[in-house]
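One structure is given below, encoded as C-alpha cells.
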Amino acid sequence: MAKNIIIIDANDRDIVQRADIDMNSRMNLISFMISRNMDIGERFKQYEDEYQKSFLAFEAAKANIANKYLKDFGATTWSLNYENCELTYEQQ
C-alpha cells in the first residue's frame, strides 16, 4: 500500500483537533470519577451526555475531513497530524 500526504487547511484541522480534545477531556473526567469511587449520581449522567455529544462531534469532524479531502482517492486508512496539518493516507 502506498502512503500519501495532503496538507489540509488549518481551520479544518482546528475543528477536528478541538472536537478530539473536547471528547477526550470528558472521557478523562469520567474515568477519573469512576477510578476515585466518587459519588457520581446525577453529575455522571450529565458528563456522560456531554461525552456522547462530543464523541459524535468528533466523528462528524473526522467524516468531514474524509469527505472533503479523501473521497476521490480510495483511502483505506488515514491519520491527521495536528502539528503540521499533514493528512497521511493509504490506498490500495
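On a predicted model such as this, the values are computed, not experimentally measured, just so you know. Residue numbers count from 1 along this sequence.
A pairwise comparison of heavy atoms in Gly74 and Gln91 identifies O-CB, 3.7 Å as the closest pair. Considering every non-hydrogen atom in both Arg26 and Tyr51, the closest pair reads CD-N, 3.8 Å. Between Asp9 and Tyr69 the shortest heavy-atom distance is N-OH, 3.1 Å. Closest approach of Glu90 to Lys3, counting heavy atoms only: OE2-CE, 3.0 Å. Counting all heavy atoms, side chain and backbone alike, Ala19 lies closest to Phe58 at CB-CA, 3.6 Å.
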Worksheet entry | Test side-chain contact (heavy atoms from CB on, under 4.5 Å) applied to Ile8 and Val16, step by step | CA-CA 11 Å; Ile8 70 166; Val16 173; over 6 Å; no
Discussion item. I'd like to know whether Thr77 forms a side-chain contact (heavy atoms from CB on, under 4.5 Å) with Tyr89, so could you lay out the CA-CA distance, the side-chain angles of the two residues, the decisive distance to 0.1 Å, and finally the verdict.
Written reply: CA-CA 6 Å; Thr77 61; Tyr89 69 95; over 6 Å; no
Discussion item. Could you go through Ile34 and Phe44, starting from their C-alpha distance and side-chain angles, then the distance that decides it, and tell me whether this counts as side-chain contact (heavy atoms from CB on, under 4.5 Å)?
Written reply: CA-CA 9 Å; Ile34 291 171; Phe44 183 79; 3.9 Å; yes
Item to complete: List the steps, then state whether side-chain contact (heavy atoms from CB on, under 4.5 Å) holds for Ile15 with Asn64.
Response: CA-CA 10 Å; Ile15 292 168; Asn64 183 54; 5.7 Å; no
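No salt bridge links Lys53 with Glu50; every basic N to acidic carboxylate O contact stays at or beyond 4.0 Å. Ion pair Asp22/Arg18 not flagged as a salt bridge, since none of the NZ, NE, NH1 or NH2 atoms sits closer than 4.0 Å to an Asp/Glu carboxylate oxygen.
In this structure, a donor-acceptor pair under 3.5 Å is present between the side chains of Asp20 and Tyr82.
Ile7 forms part of a hydrophobic cluster together with Ile5, judged by ILVMFWY side-chain heavy-atom separations under 4.5 Å.
Of the possible polar contacts, one joining the Asn67 side chain to the Ala63 backbone as a donor-acceptor pair under 3.5 Å is found.
With contacts defined as side-chain heavy-atom distances shorter than 4.5 Å, the pair Met33/Tyr47 qualifies.
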